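Everything below concerns the one structure shown next.
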Amino acid sequence: MEAHKSPWLPALAVLGSVTSLCIGTSFAKKLFPLVGAEGTSALRVGFSALVLLAFWRPWRWPLSRRDAGFVIRYGLTLGVMNLLFYMALRTIPFGLAVAIEFSGPLAVAMLSSRRAVDFVWLASAITGLAMLLPLGQQSTLDPTGVMFALGAAVCWALYILFGKQAGHLHAGHSVSLGLVAASLVVVPFGVAHAGASLLDPGILAAGVGIAIVSSAIPMSLEMMALKRLPSQTFGIMVSLEPAVASLLAMLLLGEHLTGHQWLAIGFIVLASIGSTITARRARPEAVELAG
């Protein structure tokens with residue numbers, strides 16, 4: 001088999017994308033004691049916007065007023081989603097936050113399905129979430145952190161819907177301008193919370209690194225993979241993100257989950273993979289990396 005037709009390289013690109021995103025977010029969490037979740041989110045989104053603006057130079061493409069509205073809604077939702085997700089990471093483990101956030105795209109997939117088998121995946125997702133959410137007295141998860149993660153899940157669902165409206169634009173065009181809009185939401189919160197601490201050279205350097213590792217590299221690998229992988233395969237591999245996040249958080253942050261929590265993540269991953277396999281028309285744009 002010729003190298004350019006081999007599925008292994010794009011499959012590894014997806015895995016590399018998910019891994020890079022999770023590594024970047026894990027290191028971002030280490031900045032929380034210095035600039036808070038708000039400041040860290042501002043650094044990540046702000047520098048990601050600058051990096052992608054420099055790379056894609058979106059001003060080269062015309063943008064109608066209608067498309068500008070699509071991109072602004074897409075970007076503002078992306079910004080709120082990132083801010084809420086980072087706020088959730090203050091008090092709940094990274095892997096669990098990702099698993100809860102995955103309920104957003106899962107809900108979009110379930111609402112657009114009509115097959116009986118999808119109720120199996122819906123039951124699996126509900127089971128996993130019920131095991132994670134602080135519904136009982138024995139839960140150890142912080143309710144506020146869970147609410148932030150659920151808010152991020154709602155934003156991810158809206159991000160998918162708004163992203164489809166801008167789907168006819170070049171990916172580099174919409175993503176780079178979308179991140180500019182996202183920074184208009186996130187950066188003011190970061191500045192208000194962290195103030196002059198964000199101007200520390202070490203903090204700025206860390207912010208650039210986090211932006212590259214958690215945004216620029218994953219998006220580049222993802223775009224390469226989307227051109228060569230069947231959308232179904234792409235969706236299945238992205239569905240592994242909660243498990244990858246949990247493993248890397250254990251290695252890099254010392255966040256150890258209980259067997260009960262690992263089982264809950266397994267139910268959510270199963271639901272995501274199952275819905276991807278049985279989807280009538282898999283849409284890889286609907287599972288863009290965003291954590």
Side-chain angles (χ1 to χ4, degrees), residues 14-41 43-45 48 81-106 125 128-129 131-134 139-153 155-156 206-207 209-219 221-222 236-273 287-291:
V14 179
L15 183 59
S17 174
V18 171
T19 302
S20 182
L21 172 66
C22 293
I23 289 175
T25 305
S26 295
F27 282 112
K29 192 170 181 177
K30 294 186 177 184
L31 288 182
F32 284 13
L34 301 176
V35 292
E38 300 93 334
T40 305
S41 181
L43 289 170
R44 185 259 175 105
V45 174
S48 294
M81 178 179 68
N82 274 273
L83 181 60
L84 291 176
F85 182 74
Y86 272 51
M87 295 293 283
L89 291 182
R90 295 181 306 171
T91 55
I92 65 175
F94 177 29
L96 300 187
V98 172
I100 294 170
E101 190 189 29
F102 250 69
S103 62
L106 271 174
L129 282 173
M131 294 173 67
L132 289 180
L133 299 182
S139 175
T140 58
L141 286 187
D142 172 59
T144 302
V146 170
M147 291 304 297
F148 278 125
L150 287 173
C155 288
W156 195 350
I210 289 168
I212 292 174
V213 176
S214 63
S215 292
I217 292 176
M219 287 180 177
L221 290 173
E222 181 185 74
I236 290 171
M237 296 199 68
V238 169
S239 298
L240 299 175
E241 185 179 341
V244 174
S246 299
L247 285 171
L248 289 174
M250 181 174 63
L251 295 174
L252 300 176
L253 299 173
E255 294 180 349
H256 296 275
L257 305 183
T258 66
H260 181 85
Q261 291 170 333
W262 276 109
L263 182 60
I265 289 175
F267 276 116
I268 292 172
V269 169
L270 175 64
S272 184
I273 292 175
V287 287
E288 286 187 31
L289 296 174

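Note that the coordinates shown come from a computational prediction; the quantities given were computed from them, not determined experimentally. What you see below is based on every heavy atom in this structure, not just the backbone, and it leaves out hydrogens, waters and symmetry mates.
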Straight-line distance of [X] [atom1] to [Y] [atom2], nearest 0.5 Å:
{"X": "Phe32", "Y": "Tyr86", "atom1": "CZ", "atom2": "OH", "value": "6.5 Å"}
{"X": "Met147", "Y": "Leu141", "atom1": "CE", "atom2": "CG", "value": "13.5 Å"}
{"X": "Leu221", "Y": "Leu15", "atom1": "CG", "atom2": "CG", "value": "10.0 Å"}

Holding to side-chain contact (heavy atoms from CB on, under 4.5 Å), I want the full list of residues that pass it with [X], two or more places apart in sequence or in another chain.
{"X": "Ile23", "value": "Thr19, Phe27, Val213, Leu248, Leu252"}
{"X": "Ala152", "value": "Met81, Leu84, Phe85, Glu101"}
{"X": "Ala99", "value": "Leu132, Pro242, Ile265, Ile268"}

Is any side-chain heavy atom of [X] less than 4.5 Å from a side-chain heavy atom of [Y]?
{"X": "Leu89", "Y": "Thr40", "result": "no"}
{"X": "Leu240", "Y": "Ile273", "result": "yes"}
{"X": "Ile210", "Y": "Leu43", "result": "no"}
{"X": "Met250", "Y": "Leu257", "result": "no"}

Smallest separation among heavy atoms of [X] and [Y], with atom names:
{"X": "Asn82", "Y": "Arg44", "answer": "OD1-NH1, 3.0 Å"}
{"X": "Ser214", "Y": "Thr25", "answer": "CB-N, 4.3 Å"}
{"X": "Ala149", "Y": "Ala97", "answer": "CB-O, 4.3 Å"}
{"X": "Ile217", "Y": "Ser20", "answer": "CG2-OG, 3.6 Å"}
{"X": "Ile92", "Y": "Gly145", "answer": "CD1-O, 3.8 Å"}
{"X": "Val98", "Y": "Ala245", "answer": "CG2-CB, 3.9 Å"}

| query | Which residue pairs satisfy the side chain to side chain donor-acceptor pair (under 3.5 Å) criterion with at least one member in residues 262-273, sequence neighbours excluded? | reply | Ser239-Ser272
| task | Not counting sequence neighbours, list each pair that qualifies as a side chain to side chain donor-acceptor pair (under 3.5 Å) and has a residue in residues 246-255. | result | Lys29-Glu255
| query | Can you name the ring-ring contact (aromatic ring centres under 6.0 Å, His included) partners of Phe148, sequence neighbours left out? | reply | none
